Amino acid sequence: ETGWLEICHGGGSDLVQVATAAAGRFHLLTRVVALLDSDRLVPHGPAPGDRKRQRLDAVGKILVHVLALREAENYVPNRVLSRVPRQQSKVVSARLDCLKQLTPHQRGHFDMKHGFGDALDGDGVTGDQRHLYQGADPRVLRALREGFGRDLLGRLETISREGALDERDFAAIGPGVVAELRGLLKLLDSVI
């Protein structure tokens, strides 16, 4: 209400412009943090988010965090994924059971919103993620073809406000997730 904290969505490609404009409003001490999806398809692979980080680093005075996992949606706990309208619950429950069969690296780089879509050919994943999902049960991969929808972050926000989540929900996503989120909160706290 007093403007001490503003959260802006950069819309992916516009984030550099949004963060640069926000930093331009400060004259003595810049208090801007940019949070970027890595858009990394495989663990430790190239991260398109790193290119945006470099552009923001060149601007200076903007603190940047590039997510270790693919996108913000990869940090949505299973408890949130399971909360859907009753008419969708059976399908989503089966899909969630399949998601739980993925390794943490596979889950962390799965397209949570859209699923495998056209990247799934026959019994396997094609393209850059082929090696990541090699050996995964083809039935699991087929069940995850659709993903969990575009509203995941909205559902996460709603359930978070209800106080229905705790650290264990995020720890179940994979090793390092809680430490990364704690580090991100510390980064935000440093500018507030």
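Numbers here are sequence positions counted from 1. As the structure is a prediction and not an experimental result, all values here were calculated from the model.
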Checklist entry - So, for Ser38 and Leu69, which heavy atoms are closest and what is the spacing to 0.1 Å? => result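 Of all heavy-atom pairs spanning Ser38 and Leu69, the closest is OG-O, 2.7 Å.
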Flag if over 12 foreign heavy atoms under 6.0 Å of [atom1], [X]:
{"X": "Asp166", "atom1": "CG", "value": "yes"}
{"X": "Ile192", "atom1": "CD1", "value": "yes"}
{"X": "Arg145", "atom1": "CZ", "value": "yes"}
{"X": "Asp57", "atom1": "CG", "value": "yes"}
{"X": "Asp128", "atom1": "CG", "value": "no"}

Checklist entry - Does the side-chain contact (heavy atoms from CB on, under 4.5 Å) test come out yes or no for Leu132 and His109, once each step is laid out? => result CA-CA 9 Å; Leu132 178 60; His109 296 85; 3.9 Å; yes
Item to check | side-chain hydrogen bond (donor to acceptor under 3.5 Å, both in side chains) partners of residues 90-101, not counting sequence neighbours, each pair once | outcome: none
Item to check | side-chain hydrogen bond (donor to acceptor under 3.5 Å, both in side chains) contacts in which one or both residues fall within residues 66-81, not counting sequence neighbours | outcome: Tyr75-Glu180, Asn78-Arg107, Arg79-Asp169
Checklist entry - Would Val80 end up clustered with Val91 when hydrophobic side chains under 4.5 Å apart are linked, directly or stepwise? => result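 No, because Val80 and Val91 fall into different hydrophobic clusters, even though each may have its own neighbours under 4.5 Å.
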Item to check | Distance-only donor-acceptor check, side chains His65 and Arg53, under 3.5 Å | outcome: no
Next on the checklist: Do Pro138 and Arg142 have side chains that approach each other closer than 4.5 Å (heavy atoms only, starting at C-beta)?
Outcome noted: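 The answer is yes, as the side chains (C-beta and beyond) meet within the 4.5 Å cut-off.
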Checklist entry - What distance do Leu153 atom CG and His9 atom NE2 have between them, rounded to the nearest 0.5 Å? => result 8.0 Å
Item to check | CZ-CG distance between Arg40 and Asp50, expressed to the nearest 0.5 angstrom | outcome: 6.0 Å
